[in-house]
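The structure presented is a predicted model; accordingly, all values stated were derived computationally and were not measured.
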Amino acid sequence: MRWTARDIPDLKGRTSVVTGANGGLGYVTARELARRGARVVLACRSQRRGESALSRLFDEVPEARAELRLLDLGDLASVRAFAGTWADAPLHLLVNNAGVMAVPRATTADGFESQFGVNHLGHFALTGLLYGALRKAPGARVVTVSSVLHLLGNIDINDLNTERPYRRWLAYGRSKTANLLFTRELARRAADVDLLAATVHPGYADTDLTLQSARLRRKPARERAARLVNRTLASTAEAGAMPTLYAATAPDVAPDSFTGPGTVRGRRAPTLRAPWTLNDAVARRLWQVSEELTGVRYPAPRG
């Protein structure tokens, strides 16, 4: 049977954070979690876009318990400030959704290549800083949005900033591989606590993310063409968000699983996952380097 948002269980009493919730997959995820009773924090970089999304959410779900908090994943000071507002409250669900895709070379506030810095390091730091809150919540989950385009490239532990040379699609693929390796190691470390870590991909969904590259490269004709292709071939943002919602709420989600649209649409189609994302030694090495780069250190796993 096809899994839909109607299958999300009652989430009253549960608190969730969704990064990049101002639009696209993140907004749909936040809206549907709120519709089922969860308290939802929209973690957004832009105050204006975040406020617009929050207003829209209240229009669509008047009974929602939702709020906006600013978060720039490309600035570790912002990540620390966001986590610092959490105090001692338990966190039941963290959805690492925000990201950039195939953008021209740029660096984060801390000097990292932007795709690796935002897509991986920002979420690595955020999860680590909220780890204590997650461990306080029974049945907590961390769901990280990767992509089938992780197949474009394995990480190079000696060139995490993709400097030799910079190729935007390769850098994107590597950052999405990093998402999968991060989840694999997080799942291993969380095996002795009540925390589930899983990864998803949305397939090809019609969201603003797919237009970023052309827009930032100031290619209006390519942006218009991308919009046309999206409308013709892509699924909706609602459909693209279903794997995230499934991994966040369904009872049969396994640790380190990689859920795609085939699972939630009832076909149970296998999700392509590169063998290099199952390499435990590389996952542990990436984790170690990520702790060094961000200065965020997780509690040592037991045993």
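- Looking at Thr183, its side chain never comes within 3.5 Å of a backbone N or O of Asp256 through a donor-acceptor pair.
- Here the closest heavy-atom approach between residue Met242 and residue Trp3 is recorded as O-CZ3, 3.8 Å.
- There is no path of hydrophobic side-chain contacts, each under 4.5 Å, that joins Leu170 to Leu272.
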Working for side chain to side chain donor-acceptor pair (under 3.5 Å), residues Thr144 and His123: CA-CA 8 Å; Thr144 301; His123 282 127; over 6 Å; no
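- Smallest separation of non-hydrogen atoms from Trp169 and Leu152: O-CD1, 3.6 Å.
- Considering every non-hydrogen atom in both Thr108 and Glu113, the closest pair reads CG2-O, 4.2 Å.
- Salt-bridge annotation for Arg45 and Asp75: absent, with no side-chain N of the basic residue lying under 4.0 Å from a carboxylate O of the acidic one.
- With no hydrogens or angles considered, no side-chain donor-acceptor pair links Asn97 and Tyr27 at under 3.5 Å.
- With hydrogens and angles ignored, the 3.5 Å screen pairs no side-chain donor or acceptor of Lys176 with any backbone N or O of Gly153.
- Judged by distance alone, the side chain of Arg14 and the main-chain N or O of Leu93 form no donor-acceptor pair under 3.5 Å.
- Shown here is Asp59, whose CG atom has more than 12 heavy atoms of other residues, nucleotides or ligands within 6.0 Å.
- Summarising the geometry of Asn119 relative to Gly99, their closest heavy-atom pair is OD1-CA, 3.1 Å, with the distance given to 0.1 Å.
- Under the 3.5 Å distance criterion, with hydrogens and angles disregarded, no donor-acceptor pair is assigned to the side chains of Ser78 and Asp72.
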Working for side chain to side chain contact (heavy atoms under 4.5 Å, CB included), residues Glu32 and Arg36: CA-CA 6 Å; Glu32 296 307 316; Arg36 298 300 296 155; 5.9 Å; no
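- A donor-acceptor pair is defined here as one N or O able to donate and one able to accept, closer than 3.5 Å; no such pair exists between the side chain of Ser52 and the backbone of Arg48.
- Side chain of Asp194 to main chain of Ala137: no donor-acceptor pair is present (N/O by atom type, distance under 3.5 Å, no hydrogens or angles).
- Taking a 6.0 Å sphere around CZ of Arg69, one finds it holds more than 12 heavy atoms contributed by other residues, nucleotides or ligands.
- Hydrophobic clustering of Ile, Leu, Val, Met, Phe, Trp and Tyr side chains at less than 4.5 Å, counting indirect connections, unites Leu134 with Val79.
- Relative orientation of the Phe124 and His120 rings is tilted, given thresholds of 30° and 60° on the angle between their planes.
- For the pair Arg39 and Trp86, the cation sits on the ring face: its NZ or CZ lies under 6.0 Å from the ring centre, inside 45° of the axis.
- Each of Tyr298 and Leu180 belongs to its own hydrophobic cluster when Ile, Leu, Val, Met, Phe, Trp and Tyr are linked at side-chain heavy-atom distances under 4.5 angstrom.
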